[in-house]
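I have placed the structure first, in the form of structure tokens, so that the comments after it can refer back to it.
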Protein chains: 2
Amino acid sequence: MRSLLALQQKLLPDLLEVMNKRYRVLRQLRLTQPIGRRSLANSLDITERVLRSEVTFLKDQGLLDMSIQGMQLTEEGEQLLMELEPVMNEVSGLDNLEERLKDKLGIPEVLIVPGDSDVTPWVKKEMGRAAVGRLKRFQLESKVVAVTGGTTLASVADMMVPSLDMDGTLFVPARGGLGEQVENQANTICAKMARKAHTDYRLLHVPDQLSEEAYQSLIEEPGVKEILEIIKSASIVVHGIGDAKTMAVRRKSTGQVLEKIKENHAVAEAFGYYFNQSGDVVHKVKTIGLQLEDLERSELVIAVAGGHSKAKAIEAYLKTGIQSILVTDEGAAKALLEGNSL
Amino acid sequence: MRSLLALQQKLLPDLLEVMNKRYRVLRQLRLTQPIGRRSLANSLDITERVLRSEVTFLKDQGLLDMSIQGMQLTEEGEQLLMELEPVMNEVSGLDNLEERLKDKLGIPEVLIVPGDSDVTPWVKKEMGRAAVGRLKRFQLESKVVAVTGGTTLASVADMMVPSLDMDGTLFVPARGGLGEQVENQANTICAKMARKAHTDYRLLHVPDQLSEEAYQSLIEEPGVKEILEIIKSASIVVHGIGDAKTMAVRRKSTGQVLEKIKENHAVAEAFGYYFNQSGDVVHKVKTIGLQLEDLERSELVIAVAGGHSKAKAIEAYLKTGIQSILVTDEGAAKALLEGNSL
DNA sequence: TATTCTCGAGACGTATTATGTCCCGGTTAG
DNA sequence: CTAACCGGGACATAATACGTCTCGAGAATA
């Protein structure tokens, strides 16, 4: 017996097209609501008139509300969208991609969201939503969650929502100062995430540049030492993966470091570690906090990174053999699979 | 979690309508093929041009063939239609109706086909097809199937198809002469059914009017006695349900009988028994064969009857408490549920 | 407070599609 | 032989989809 969708393909070949169109409208709306017709049409790359037809239809169906501030999903719209997600993933073949990528990378789980965050920036938010969704399916009560910095993790924080079974969950930054801008620092993201989740957080204040003596005395400081222990005990880690060169530049690393990275052909970066194509560590930012080997003791590691330009970095990092869940986007996933098949 | 169809109802109600239209075309075509555009359009009560659009589409999809004799379903069309049946039942809410009716009548299973056989005659054929389909899901090898007469059972015979697991199945008429026209007599229907099923049948020749002595000597006749025993051993019974008065008139019953039926407020009739609104037997045609109490020993009893005008009769008959499967149509089902809710 | 921006809604001409209505030549049954 | 029915072609018209522009209202900003 064929599936319902297969039957419908025969009887209504354009069904999927329409369904996909409406689904995309709802999904984009969820990300940017409240939003007006023109901007939304622009985001979806369709003309205003077409969007208008869809939107009036969806409004009649009670899936969204129109007001002077713009359009917003109704309760029912949110609900429908949620239920629609797995269906559309299957339709667009994303679950297929997920399977293949899982096999290629040798990791236990891959989640792929549609789009390419290099092309359309809001895809990062979708990755964020997916990561949060995955996180919440885990038993989080009284657990410590360590998070890193980066723009992708900022998206994860953006999409964080409170949940009943996050009672006592504590968010901490994975590692100390890594030279990022404030909004992308682990501390900032950690705080934001905890606030949005309606739960607690602890911060780790470590200056970027530090002499050896100052460093030694700092880690003996009782306040710091206590947090460090909590961080080391983290059972859940959520982190991003960056392109080595980009990250080094963004962190305003010294010429020496840049040189080292270039010489050793580093391609990937994750929480202060730089990796070459084979997954070997070629450089490490000197700071306190979670170390690479600590990951092995974690119960759940989620790596979030997308955009086709990150494909190489993702692949290199996962060659370390870390059993991590990968949350990525269609662009990166396809690039990864293509690159591998060459 | 709602089903995919429920989601689609919200997201693409218009497409489901189209799907329904195309489904109806295919279904009607199956019943009357080969048939031309104009007649088919007439049957479906849509204009020729609309049908034409659908038909050309369906032809392009390879679901039907057009020839000079008319249109016919292809193999693929037949297959699709079959797989589509449960889906469309869900869409049109028929499976919901089935559940409700099952509860109201207190019987184990109800099958409803779309339409109303009082309004559109070919719905009887659909009921026939449904009954045959249900019958074939039962283990029929070497079993005896007793059938009654009536126009509805004639439709069942029409739709009978051979099947691999009907080896050794024997068709017999449930009861002797009941005064029907030849084409609606149990004997005729029994023979037709067996022939279409590519299996055996035995007939029971009993004249309509018979003196008591002749009757007694007849049932002692070896040939008759043998068949009678087979009939009594029938494990499967398929029968119709009629309106009491209509049946009495059609059978040209005597004024005496008509009077009795009227006086006792008989509303339903089934294989020669007349029932009042409470399900009590108020009259019984004197003939040999299966008796009402024999039904209790049957493994499978299927009652087939449709059309809103038969609602009262169906309800009355099923009040006897017989554990029967009911095959009916939308018209009767709705009338039954409405009547009950008043 | 003044100004600018974005919002939904209306309007309207045009391109596209759906539909109603005929007609035609061929095939078949009576 | 003819009447009925078949698919297919044709065409005017109605309905719909779409691109484009405009307007007044509220929100944000300065």
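A, B, ... follow the sequence lines: proteins, then strands. Residue 1 opens every chain. Just so it is clear, the values below take in all heavy atoms, side chains as well, and ignore hydrogens, waters and symmetry mates.
Contact check on A/Lys125 versus A/Asp158 returns a salt bridge, with a Lys/Arg side-chain nitrogen under 4.0 Å from an Asp/Glu carboxylate oxygen. For A/Lys334 and A/Glu330, the salt-bridge test passes: some basic side-chain N is under 4.0 Å from an acidic carboxylate O.
Here the P atom of nucleotide C/dA18 and the CG atom of B/Asp14 are 13 Å apart, to the nearest Å. In this entry the distance linking CD of B/Glu17 with P of C/dA18 reads 15 Å, nearest Å. Spacing between atom CZ of B/Phe57 and atom P of C/dT17 amounts to 15 Å, rounded to whole angstrom units. Put simply, CZ on B/Arg37 is 16 Å from C1' on C/dT27, counting in whole angstrom units. Per the geometry, CD1 belonging to B/Ile35 stands 11 Å off C1' belonging to D/dC5, to the nearest Å. In this entry the distance linking CG of B/Leu40 with P of D/dC6 reads 9 Å, nearest Å.
For the 3.5 Å distance criterion, the side chains of B/Glu90 and B/Ser3 qualify, holding a donor opposite an acceptor.
Residue-level contact check: A/Ile46 touches neither bases nor backbone, having no heavy atom under 4.0 Å from any strand.
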Could you list all N or O pairs between the protein and nucleotides 17-26 of chain D that sit under 3.5 Å apart?
residue : atom : partner : partner atom : Å
D/dG19  : OP2  : A/Thr47 : OG1          : 2.3
D/dG19  : O6   : A/Arg49 : NE           : 3.2

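Residues meeting the salt bridge (charged side-chain N to carboxylate O under 4.0 Å, His left out) test with B/Arg30, sequence neighbours left out: B/Glu85, B/Glu126. Residues passing the salt bridge (charged side-chain N to carboxylate O under 4.0 Å, His left out) test with B/Glu76, sequence neighbours excluded: A/Lys10.
Looking only at distances, a side-chain donor or acceptor of B/Asp329 sits under 3.5 Å from a matching main-chain atom of B/Gly307.
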